[in-house]
Amino acid sequence: MKIIKKALFTVFCVLLFSSGYSQEIKKEKIPLLHGAHREGKRMDADMVGWRGYGLGQFIHWGVYSILGGSYNGKNYSDVGGAAEWIRSWKEVPHSVYDSLYKKFDPVGFYPKQWAAIAKQMGVKYVTFTTKHHDGFCMWPSKYTNYTVANTPYKKDVVKQILDAYNAEGVDVYLYFSIMDWHNPDWRYDLKTKEDTIAFDRFKLFTKNQLTELLKNYPSIKGLWFDGTWDNSWKKSGAFSDSLDQYLKAIHPGLIIGSRLRADDFGNRHFDANHELMGDYEQGWERRIPKTFADTDGNDWDCVMTIPENGWGYAKKWLGHWKTTNELLEMLAQCVSLGGNFVINFGPRADGTFRPEEIKNAKEIGNWMKVNNTAIYNCEYAGWEKQDWGYYTKKVGENKVYMIVFNVPVSGSLKIKPSKKLEVHKAYFLTDPKKPLTMEKLDYGASCIHLPKAFKANTPFVIVLETKETNQKSEGPKAKT
Ligand code: 1KN
């Protein structure tokens, strides 16, 4: 009996030890040479500024804009293609595409007008395509002849954009595709020694071009990388790590998202320990997180097309054209979850914007003029989401905003502040002197009653002034 007991005890101890041991192993970090290097958010002034932008503009402009998504009377959008990718469509001979630059002459390009449109729209930053996947450079790069300098237009587009937007107080970020269909040294994978030799040349070319951009345009705030998903680049984690550090060393404060690097194992965005490799998560392309948990509490931005897809100018665009209210709702959702929202524009090859985009930009600007305080410098409020819309919270202030999109037929909006906070005042942002009636509900909730005759045609904002409660108890503790 004693022996059996002893044996059972031994088994028990072994089990206990091994389970504890395996838990220990799980907690251990995977050692990485080229992992995140930092846990948590960047808190320097440049990044704090980035965090407060709320709304941004993306611009895709290049030689693809000349075709506008169409070739020989056929539309790339009819087979689901995005206009800026048209070079990869079997209908378009590469010789044709690669000669398009000889026709690039944007006689209607007025950068000051572009910047004025962006300013009126209320964007705080713009991301402009210096080089898309096709390899065409919108600045006069000395490392290739395939640039704007060799078009009939000749002039430096990037510099003009930078000067005009900066003059309006809008920060500029440069989009740069690593993948380059024009450079013969680009590789999708590194399978042979020759691939590696060619790709080493390509890496140097990339570093040279990026150095050139930072030297030529010192007022830029950051770089927006793309085209980094191929094996060749995923196997170059050591290089992208050193490149990232080098770029930041020659341009202090530079902001780079999570699309540039790969870790030792080829993981992108997040390293093997699930730490973000970049200053903000750059994976939210045409989709928005649903909950704060989806963001892991990281900085992030969402880049969005106005049509279903397609970033460059398309004569016939792909799918539904988003209305201003749809875009505003996406903006509110992003800011409510701690992100920035970036809306893409695809100007025509002649430098003019299509009227549909101008209309969206104007309407967004008109809304922003009235309601921007609920967007700029706002963060996740931490309150339970309600069906009427989105909460945002002003950084460092006791103010929470309700951006209301759906007014219930009851006319009453339910709110449930986070624990230890109570709302002592609610009013329309446009009418701060008239308090709205509030009624307390159970479990720390309240109802805000809209005025009887109230009707909304656009999303609107209610300001909630908050203070800490002195209540110790949160209400009934017992489970029912
Ligand atoms: C699904 O694969 C892709 C690959 C590249 C989807 C989009 C993109 C590019 N990123 C956007 C910001 C555009 O530049 C688009 O061409």
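Each ligand, and each atom within it, is numbered from 1 in the order the structure gives.
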- [ ] Take Val96 and Tyr71, measure what side chain to side chain contact (heavy atoms under 4.5 Å, CB included) needs, and give me the verdict at the end.
- [x] CA-CA 10 Å; Val96 169; Tyr71 187 68; 3.5 Å; yes
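- For an aromatic pair to be called close, the ring centres must be under 6.0 Å apart, and Phe353 with Trp114 satisfies this.
- Residue pairs meeting the ring pair (Phe, Tyr, Trp, His ring centres under 6.0 Å) criterion with at least one member in residues 185-206, sequence neighbours excluded: Trp186-Tyr188, Trp186-Phe199, Trp186-Phe202, Phe199-Phe202, Phe202-Phe205.
- Asp163 pairs by the salt bridge (charged side-chain N to carboxylate O under 4.0 Å, His left out) definition with Lys159, not counting sequence neighbours.
- Residue pairs satisfying the salt bridge (Lys or Arg N to Asp or Glu O under 4.0 Å) criterion with at least one member in residues 368-387, sequence neighbours excluded, are listed as follows: Glu379-Lys393, Glu384-Lys416.
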Show the distances, to 0.1 Å, for all pairs joining an N/O atom of ligand 1 and a protein N/O atom that are shorter than 3.5 Å, listing one pair per line.
residue	atom	partner	partner atom	Å
ligand 1	10 (N)	Asp226	OD2	2.7
ligand 1	10 (N)	Glu285	OE2	3.1
ligand 1	14 (O)	His60	NE2	2.6
ligand 1	14 (O)	His132	NE2	2.7
ligand 1	14 (O)	Tyr175	OH	3.4
ligand 1	14 (O)	Asp226	OD2	3.4
ligand 1	16 (O)	Glu84	OE2	2.6
ligand 1	16 (O)	Trp85	NE1	3.0
ligand 1	16 (O)	His132	NE2	3.2

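- With salt bridges taken as basic N to acidic carboxylate O contacts below 4.0 Å, none links Arg187 and Asp230.
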